[in-house]
Amino acid sequence: MNLIMAVLAIAITLSCILAVVAFWLPQTNPDSEKLSPYECGFDPLGSARLPFSLRFFLVAILFLLFDLEIALLLPLPWGDQLASPTIALLWATTILILLTLGLIYEWTQGGLEWAE
């Protein structure tokens, strides 16, 4: 019981110290960009008919794809508890190979180049 109380006391003290430091330490310099409700990179007060970069959306979709890869591979550490863990390893390897081939294809086609 003594160990539990010590751990709780340390955790509560440390979290309070970190909260106070995070509240008082940073210097806040609000400007019009930070106060804008839009974070998409477009001017909210300008014309809505301006052309946008398709490269930006391609990189965003690629980021979501590789983020989904992480979500698919999260159960892998529990795969060794199965009756045959080689099946879980086979599926994980298949996912990684497919995503690696997709990345290589995008790279060779120039889809990852930010500027022409």
Do Ile4 and Val7 sit in the same hydrophobic cluster, where Ile, Leu, Val, Met, Phe, Trp and Tyr count as joined when their side-chain heavy atoms come under 4.5 Å apart?
no
Find the distance between CG (Leu18) and CG (Leu25) and round it off to the nearest 0.5 Å.
11.0 Å
Review item, side-chain donor-acceptor pairs of residues 94-105, under 3.5 Å, at least two apart:
{"residue": "Thr94", "atom": "OG1", "partner": "Leu90", "partner atom": "O", "Å": "2.7"}
{"residue": "Thr100", "atom": "OG1", "partner": "Leu96", "partner atom": "O", "Å": "2.6"}

